[in-house]
Q: 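Structure below; questions to follow.
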Amino acid sequence: MNGVNKPSSLLDELRSFDTGGGFFDFGHPLLNRVAHCFVKAAGIGAAQAVAREAYFTVSGDGVGFDPSGSAGVAGSRRHPFHDLGGENYRKSVEAMVKNTGKESFQWGLAAGMYSGLTYGLKEARGSHDWKNSAVAGAITGAALALTTDRPSHEQIVQCAITGAALSAAANLLTGIF
């Protein structure tokens with residue numbers, strides 16, 4: 001052999017992804033971090049969207065998911081995969097793929113943006129503290145609000161404030177727990 005340790009299986013390759021090796025190297029730690037977080041979170045988002053749709057398909061209990069964060073009774077809230085009861089199977093699958101792709105993108109965007117912003121702010125300011133987390137959370141929250149169907153000014157501001165508060169609190173609580 002040439003002295004280079006290569007993963008012996010796909011499982012070893014997937015494990016190396018978590019230890020920082022990743023499937024790609026863009027030549028800069030910021031780009032690597034953003035891409036790494038985007039890919040991981042997008043996969044989680046896709047799995048979550050498909051699992052949720054499978055649950056609603058199998059359960060048939062009439063309780064749907066509301067993007068505003070609360071469950072509602074059938075008829076009072078719009079199901080995120082409202083086209084899945086379409087005229088035929090092909091329409092249903094297309095609607096599920098479209099909605100899963102959108103949700104996957106939203107999860108990846110949030111994770112990649114937040115990670116890249118916290119890294120960039122840490123490098124620019126020379127410290128990693130709650131201020132970096134709050135700014136990154138606010139920008140990420142606002143960007144995420146822009147991915148909704150019809151974003152309003154109030155919704156964008158609310159998501160920015162929520163993102164800032166949650167990420168600053170998470171940063172402050174990291175040392176406690």
Side-chain angles (χ1 to χ4, degrees), residues 30-31 33-87 90-125 128-174:
L30 173 64
L31 296 175
R33 172 177 263 191
V34 169
H36 179 83
C37 289
F38 182 92
V39 168
K40 286 176 82 172
I44 293 167
Q48 187 265 344
V50 169
R52 183 183 59 237
E53 180 52 37
Y55 169 77
F56 288 126
T57 300
V58 171
S59 72
D61 62 2
V63 176
F65 173 79
D66 177 22
S68 68
S70 63
V73 181
S76 67
R77 300 281 186 205
R78 191 178 75 129
H79 190 284
F81 297 116
H82 62 282
D83 292 335
L84 286 178
E87 295 173 12
R90 183 173 179 200
K91 257 182 136 174
S92 297
V93 171
E94 287 174 3
M96 186 176 76
V97 168
K98 179 182 173 189
N99 289 314
T100 300
K102 181 179 178 181
E103 190 159 335
S104 176
F105 173 75
Q106 288 172 328
W107 280 63
L109 172 73
M113 246 184 114
Y114 181 78
S115 180
L117 285 167
T118 55
Y119 178 86
L121 288 168
K122 177 183 155 195
E123 293 297 313
R125 294 184 63 234
H128 178 68
D129 57 7
W130 69 270
K131 296 172 192 172
N132 292 355
S133 296
V135 170
I139 294 171
T140 302
L144 202 55
L146 291 171
T147 65
T148 61
D149 290 338
R150 283 179 242 107
S152 66
H153 173 74
E154 292 81 20
Q155 185 181 21
I156 294 168
V157 171
Q158 182 182 10
C159 287
I161 291 169
T162 303
L166 286 173
S167 58
N171 184 279
L172 291 171
L173 293 174
T174 299

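Values in this document were obtained by computation on a predicted structure and should not be read as measured data. The first residue in the sequence is number 1, and the count goes up from there.
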Q: Would you name the heavy atoms of G137 and S167 that are closest together and state the gap between them?
A: CA-OG, 3.4 Å

Q: Is the side chain of S115 donor-acceptor paired with the backbone N or O of A111 at a distance under 3.5 Å, no angle test?
A: no

Q: What are the two closest heavy atoms between L109 and A143, and how far apart are they?
A: CD2-O, 4.2 Å

Q: How many angstroms lie between atom NZ of K131 and atom CZ of R125, to the nearest 0.5 angstrom?
A: 5.5 Å

Q: Quick check: do L144 and C159 have side-chain heavy atoms less than 4.5 Å from each other?
A: no

Q: Quick check for you: to the nearest 0.5 Å, what is the distance between R33 atom CZ and Y114 atom OH?
A: 10.0 Å

Q: Do you know which two heavy atoms are closest between A136 and T140, and how far apart they sit?
A: O-OG1, 2.7 Å

Q: Between atom CD of Q155 and atom OG1 of T162, what is the distance when rounded to the nearest 0.5 Å?
A: 10.5 Å

Q: As an exercise, state the distance from CD of E53 to OG1 of T100, rounded to the nearest 0.5 Å.
A: 8.0 Å

Q: Without swapping roles, check the side chain of S104 against the backbone of A42 for a donor-acceptor pair under 3.5 Å.
A: yes

Q: With a cut-off of 6.0 Å (strictly less than), are more than 12 heavy atoms of other residues, nucleotides or ligands near CD of E123?
A: yes

Q: Does any non-hydrogen side-chain atom of K122 lie less than 4.5 Å from one of T118?
A: no

Q: Identify the two heavy atoms, one from H128 and one from N171, that lie closest to each other, and give their separation to 0.1 Å.
A: NE2-ND2, 3.3 Å

Q: Taking all atoms of both residues into account, what is the closest heavy-atom pair of A142 and I156, and its distance?
A: CB-CG2, 3.9 Å

